[in-house]
There are 2 protein chains.
Amino acid sequence: MSEHTRQILVRGRLRITDFRLRLLEVFVASSHSALTQKEIEARIGAHDRITLYRTLKSFEAAQLIHQVVDGSLENKYAFCLHDCPEHRAQEEHAHFLCNQCKTTYCLGSISDLAITVPSNYSLDKVQLALTGTCSACN
Amino acid sequence: MSEHTRQILVRGRLRITDFRLRLLEVFVASSHSALTQKEIEARIGAHDRITLYRTLKSFEAAQLIHQVVDGSLENKYAFCLHDCPEHRAQEEHAHFLCNQCKTTYCLGSISDLAITVPSNYSLDKVQLALTGTCSACN
DNA sequence: CTATATTTGCAACATTATTGCATAAATGAA
DNA sequence: TTCATTTATGCAATAATGTTGCAAATATAG
Ligand SMILES: [Mn+2]
Ligand SMILES: [Mn+2]
Ligand SMILES: [Zn+2]
Ligand SMILES: [Zn+2]
């Protein structure tokens with residue numbers, strides 16, 4: 001059953017360990033939304049806090065997950081789908097935080113928006129943090 | 001010299017204290033950019049950490065300052081200019097984080113952008129976090 | 001000036017971030 | 001398969017940040 005996550009680790013050139021497989025399962029299982037550390041901990045079962053911290057860093061470096069800016073001040077991560085735009089030439093990336101259920105949804109590309117910065121500024125990355133009420137809560 | 005900041009506190013219906021005046025001076029002095037707690041502490045001189053924490057909360061509640069989402073995970077605050085769109089009917093608000101000097105600029109309104117959310121979602125707030133290189137660093 | 005409401009400073013505690021280091025485990029090569 | 005090497009893990013320790021309670025100090029209204 002973990003052949004899928006196994007392959008993801010191989011592609012990311014990360015050693016295959018039990019903990020990494022478990023963490024990856026968690027992300028794959030909620031690939032539509034971003035997770036806080038607390039939410040990850042609730043899902044992953046027994047674990048070491050520091051190992052989780054470092055594994056998140058590794059996953060991020062290997063571009064398996066990405067940090068999510070959703071307007072809350074919490075550090076959230078989401079699984080990078082293979083068409084995730086976050087790591088494709090720094091394309092625009094939108095996320096939606098629901099005020100009710102606190103879920104953060106990944107809305108994907110927003111490259112159709114016209115963003116301009118003041119003259120002499122150069123733009124590398126665009127992060128759009130939307131807040132409101134999601135479909136499930138409406 | 002502190003007549004200006006005095007007036008701001010009065011308008012916000014906050015009692016005038018020495019610490020509040022000092023903190024407000026700091027914000028007024030860098031009203032074009034957002035400040036981290038560390039940056040505030042470096043500018044304000046001798047102070048109590050908890051008092052700063054609570055005064056920031058008061059200022060925010062009184063809408064003298066607002067939290068800034070700039071794509072970093074740091075908690076930043078910026079002075080609300082009287083035409084600051086953040087507190088005018090939740091209008092869009094853009095900030096720019098410079099990768100070089102780490103300054104966060106307030107870019108103001110972006111209400112001309114066309115933002116759409118999936119059907120059945122309702123949108124309350126739009127925060128646009130731009131990253132790149134600022135004019136001074138270019 | 002006095003009474004009342006608010007603010008401040010300090011202690012205490014919670015949560016999160018971060019590094020060092022010894023041990024355990026994974027991997028590639030023999 | 002075994003072994004050597006590299007990497008990951010678990011635990012201790014520390015730093016940074018967030019948060020509340022409470023008594024003393026201060027601001028403000030009357
Ligand atoms: Mn995403
Ligand atoms: Mn602003
Ligand atoms: Zn919701
Ligand atoms: Zn700059």
Side-chain angles (χ1 to χ4, degrees), chain A residues 2-3 5-27 34-62 64-77 102 104, chain B residues 2-3 5-27 34-62 64-77 102 104:
Chain A
S2 62
E3 194 47 42
T5 43
R6 232 181 184 77
Q7 283 308 313
I8 294 172
L9 289 180
V10 169
R11 262 183 297 161
R13 271 177 283 279
L14 291 172
R15 289 193 174 183
I16 296 166
T17 71
D18 180 61
F19 184 77
R20 283 175 175 171
L21 289 172
R22 281 165 56 209
L23 181 57
L24 208 42
E25 301 278 7
V26 169
F27 277 112
L35 300 173
T36 62
Q37 185 175 321
K38 200 178 290 288
E39 290 169 328
I40 295 168
E41 297 193 330
R43 285 164 169 77
I44 206 173
H47 68 282
D48 179 71
R49 198 173 59 87
I50 292 90
T51 300
L52 172 57
Y53 169 79
R54 280 190 275 220
T55 307
L56 288 171
K57 294 279 188 192
S58 314
F59 279 14
E60 193 187 7
L64 269 50
I65 60 175
H66 62 268
Q67 278 191 317
V68 169
V69 172
D70 69 356
S72 79
L73 287 171
E74 289 185 287
N75 193 351
K76 299 187 182 181
Y77 286 100
K102 307 296 177 195
T104 298
Chain B
S2 62
E3 192 48 40
T5 42
R6 230 180 186 79
Q7 283 308 313
I8 295 172
L9 290 180
V10 170
R11 259 184 298 163
R13 271 177 281 279
L14 291 173
R15 291 194 174 185
I16 295 166
T17 69
D18 180 61
F19 184 77
R20 283 176 175 171
L21 288 171
R22 282 164 57 208
L23 181 57
L24 207 41
E25 300 278 8
V26 168
F27 276 112
L35 301 172
T36 62
Q37 183 175 323
K38 201 179 288 291
E39 289 168 327
I40 295 168
E41 295 194 331
R43 286 164 168 76
I44 205 172
H47 68 284
D48 179 71
R49 197 175 61 90
I50 292 91
T51 300
L52 173 57
Y53 168 79
R54 280 190 275 220
T55 307
L56 288 171
K57 294 280 187 191
S58 313
F59 279 15
E60 193 187 8
L64 271 48
I65 60 176
H66 62 267
Q67 278 192 316
V68 169
V69 172
D70 69 356
S72 78
L73 287 171
E74 288 185 288
N75 193 351
K76 298 187 183 180
Y77 286 100
K102 307 296 179 196
T104 298

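These figures come from a predicted structure and were not determined experimentally.
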Is the phosphate of C:dT15, meaning OP1 or OP2, less than 4.0 Å from a side-chain N or O of A:Gln37? no
Does B:Thr17 place a side-chain N or O at less than 4.0 Å from the phosphate oxygens OP1/OP2 of D:dT26? no
Nearest-Å distance for atom pair CZ/P, residues A:Arg49 and C:dA17: 9 Å
Residue-phosphate contact under 4.0 Å: B:Arg54 side-chain N/O, D:dT19 OP1/OP2: no
Check whether any side-chain N or O of A:Asn75 sits under 4.0 Å from OP1 or OP2 of C:dA17, and answer yes or no. yes
Measure the distance from CG on B:Leu21 to C1' on D:dA27 and round it to the nearest whole Å. 12 Å
Along DNA chain D (nearest heavy atom to each residue), the more 5'-positioned of B:Ile16 and B:Glu74: B:Glu74
Got A:Phe27 and A:Thr5 here, is their nearest side-chain heavy-atom distance under 4.5 Å? no
Whole-Å distance, B:Arg13 CZ to D:dT28 P, equals 14 Å
Quick one: A:Asp48 CG to C:dT23 P, roughly how many Å, whole number? 17 Å
Rounded to whole Å, how long is the line connecting atom CZ of B:Arg20 with atom C1' of C:dG9? 14 Å
B:Ile50 has a side chain; which of D:dG10, D:dT20, D:dT17 sits nearest to it? D:dT20
On the nucleotide C:dT16, are OP1 or OP2 found under 4.0 Å from the side-chain N or O atoms that A:Tyr53 carries? no
Using the side-chain contact (heavy atoms from CB on, under 4.5 Å) rule, pick out the option among A:Ile65, A:Thr55, A:Leu64 that qualifies with A:Leu23. A:Thr55
Do you know the tightest heavy-atom contact between A:Leu73 and B:Gln67? CD1-NE2, 3.0 Å
Roughly, in whole Å, what's the span from CD in A:Glu39 to C1' in C:dT15? 16 Å
Side chain of A:Arg15 - closest among C:dA25, D:dT9, D:dA13: C:dA25
Of the options B:Val69, B:Val68, B:Leu35, which is the one that meets B:Lys76 in a side-chain contact (heavy atoms from CB on, under 4.5 Å)? B:Val68
Below the 4.0 Å mark, does D:dT9 have OP1 or OP2 next to a side-chain nitrogen or oxygen of A:Thr55? yes
Are A:Lys57 and C:dT18 close enough that a side-chain N or O sits under 4.0 Å from OP1 or OP2? yes
C:dA17 P sits how many Å from A:Leu56 CG, rounded? 9 Å
Within the side chain of B:Arg6, is there an N or O that forms a donor-acceptor pair under 3.5 Å with the backbone of B:Ile16? no
Nucleotide C:dA26, atom C1' - distance to CZ of A:Phe19 in whole Å: 17 Å
